[in-house]
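All values below come from the heavy atoms of this structure, side chains included, with hydrogens, waters and symmetry mates left out.
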Amino acid sequence: MKIEDIYTNYLDQEFLKFGYGSFTVSLKNQFVQMISDRKSLPFTSITEQFIFEYHKELKQEFIKLQCEEDVLTGFTASNGHVYRTNRDDQTNMIGQKDFLNDHPEVATVKWKTEDQGYIIHTREEWLKIYLEAFYNKMMKLEKYNQLKEKIRLATTEAEIIAVDWDSVELPVESEEPEEETQPTE
């Protein structure tokens with residue numbers, strides 16, 4: 001599912017932005033029927049508690065998709081260049097790092113930037129960019145986990161609505177990462 005998929009439905013848009021409590025009686029009935037159809041459940045089984053849990057589920061999916069889009073968008077490295085980080089780019093970076101580990105004699109890496117095309121990096125520069133890309137992704141995944149937890153712990157509709165990807169800043173990265181681990185979602 002993509003963010004656009006969630007936002008193609010007017011009721012979902014309104015639900016995520018303003019909550020079920022903001023709906024008129026007519027919109028509430030339409031929304032309950034929509035959820036009933038989606039979940040293949042009888043109309044009468046869609047209670048306010050069910051809607052509250054559905055709100056959490058939909059908001060978590062929305063935040064997850066925003067995180068994925070943010071990760072795949074890329075980042076600006078400390079050298080001022082913009083690097084892509086789509087799935088292929090991430091795989092290629094891992095492959096390049098493995099290649100450098102296997103071939104310590106390699107002194108330079110030619111790598112594509114979004115702002116200047118292919119440029120030559122020293123081995124050390126490229127490994128620093130690799131770590132920056134890795135930690136950039138890790139910070140975004142940490143942000144996602146924090147927001148997901150806020151949604152999980154929410155006890156009111158207002159708390160769910162208040163969770164917003166763009167209003168939370170990424171933690172500041174340290175200059176020298178302590179240890180490298182593999183990211184998990």
Side-chain angles (χ1 to χ4, degrees), residues 1-77 82-94 114 131-173 177 181-185:
M1 184 180 288
K2 294 184 178 184
I3 290 176
E4 298 82 33
D5 295 338
I6 292 175
Y7 271 132
T8 57
N9 182 306
Y10 171 76
L11 287 175
D12 284 336
Q13 291 174 34
E14 295 299 303
F15 183 59
L16 283 170
K17 288 180 189 173
F18 306 112
Y20 184 71
S22 70
F23 286 178
T24 64
V25 172
S26 175
L27 284 179
K28 284 181 178 180
N29 288 335
Q30 288 176 35
F31 191 71
V32 168
Q33 185 61 56
M34 182 184 76
I35 294 172
S36 170
D37 293 344
R38 278 186 185 164
K39 299 289 187 177
S40 299
L41 294 170
F43 182 88
T44 55
S45 68
I46 310 299
T47 63
E48 291 216 9
Q49 183 60 37
F50 186 94
I51 292 169
F52 181 73
E53 294 303 322
Y54 179 76
H55 197 170
K56 286 183 171 186
E57 177 186 318
L58 190 63
K59 188 70 173 224
Q60 285 178 347
E61 182 65 22
F62 185 68
I63 294 295
K64 177 183 174 186
L65 294 171
Q66 286 181 303
C67 177
E68 285 180 19
E69 278 194 9
D70 206 8
V71 167
L72 298 176
T73 297
F75 74 105
T76 302
V82 179
Y83 295 84
R84 291 184 337 180
T85 53
N86 67 36
R87 285 175 176 75
D88 288 339
D89 296 319
Q90 292 178 51
T91 301
N92 292 339
M93 284 185 131
I94 293 167
E114 289 297 283
L131 282 177
E132 289 175 12
F134 178 80
Y135 283 102
N136 183 274
K137 180 176 182 176
M138 292 304 298
M139 293 299 104
K140 290 174 182 178
L141 291 173
E142 178 60 31
K143 177 179 171 179
Y144 163 69
N145 283 325
Q146 288 173 5
L147 294 174
K148 183 177 171 184
E149 186 65 7
K150 278 186 178 184
I151 295 165
R152 188 185 73 75
L153 295 174
T155 58
T156 67
E157 183 177 64
E159 290 174 329
I160 298 170
I161 293 167
V163 175
D164 180 41
W165 181 263
D166 294 326
S167 68
V168 176
E169 294 295 320
L170 290 174
V172 177
E173 297 177 37
T181 59
Q182 291 300 315
T184 59
E185 289 191 43

Which atom of [X] lies closest to which atom of [Y], heavy atoms considered:
X: Met34; Y: Asp12; result: CE-OD1, 3.2 Å
X: Ala77; Y: Tyr83; result: CB-CE1, 3.6 Å
X: Ala133; Y: Met93; result: CB-SD, 3.8 Å
X: Gln90; Y: Val71; result: NE2-CG1, 3.7 Å
X: Gly19; Y: Ser22; result: O-OG, 2.7 Å
X: Phe52; Y: Thr156; result: CE1-C, 3.5 Å

Exercise: do Glu149 and Asn145 side chains pair donor with acceptor under 3.5 Å: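 Not at all, the side chains of Glu149 and Asn145 share no donor-acceptor pair under 3.5 Å.
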Counting only N and O atoms by type, is there a donor-acceptor contact under 3.5 Å from the side chain of [X] to the main-chain atoms of [Y]?
X: Thr76; Y: Val82; value: no
X: Glu159; Y: Thr155; value: yes
X: Lys143; Y: Trp165; value: yes

Atom [atom1] in [X], atom [atom2] in [Y]: separation rounded to 0.5 Å?
X: Ile151; Y: Glu57; atom1: CD1; atom2: CD; value: 11.5 Å
X: Leu141; Y: Glu68; atom1: CG; atom2: CD; value: 9.5 Å
X: Leu11; Y: Gln33; atom1: CG; atom2: CD; value: 11.5 Å
X: Leu27; Y: Tyr10; atom1: CG; atom2: OH; value: 6.0 Å
X: Ser45; Y: Ile35; atom1: OG; atom2: CD1; value: 10.0 Å

Derivation and outcome, side-chain contact (heavy atoms from CB on, under 4.5 Å), residues Ile51 and Lys28: CA-CA 10 Å; Ile51 292 169; Lys28 284 181 178 180; over 6 Å; no
Less than 4.5 Å apart, side chain to side chain, heavy atoms only: is that true for [X] and [Y]?
X: Glu14; Y: Phe31; answer: no
X: Lys137; Y: Phe75; answer: no
X: Lys39; Y: Tyr54; answer: yes

Neighbour count above 12 (heavy atom, 6.0 Å) for Lys148 NZ: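 Open.
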Gln30 atom CD: more than 12 heavy-atom contacts under 6.0 Å: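 It does: Gln30 CD has more than 12 such atoms within range.
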Phe15 and Phe23 aromatic ring geometry - parallel, tilted or perpendicular at 30°/60° bounds: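 Plane angle between 30° and 60°, so tilted.
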Cation over ring face, Lys64 and Tyr144, 6.0 Å, 45°: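 No cation-pi geometry.
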Check ion pair Lys140-Glu69 (N to O, under 4.0 angstrom):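 No salt bridge links Lys140 with Glu69.
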Evaluation steps, side chain to side chain donor-acceptor pair (under 3.5 Å), between Asn92 and Asp89: CA-CA 5 Å; Asn92 292 339; Asp89 296 319; 4.7 Å; no
Test side-chain contact (heavy atoms from CB on, under 4.5 Å) applied to Ile161 and His55, step by step: CA-CA 9 Å; Ile161 293 167; His55 197 170; 3.8 Å; yes
Worked verdict on Ile63 versus Val163 for side-chain contact (heavy atoms from CB on, under 4.5 Å): CA-CA 9 Å; Ile63 294 295; Val163 175; 4.2 Å; yes
Derivation of the side chain to side chain donor-acceptor pair (under 3.5 Å) call for Asp70 and Gln66: CA-CA 6 Å; Asp70 206 8; Gln66 286 181 303; over 6 Å; no
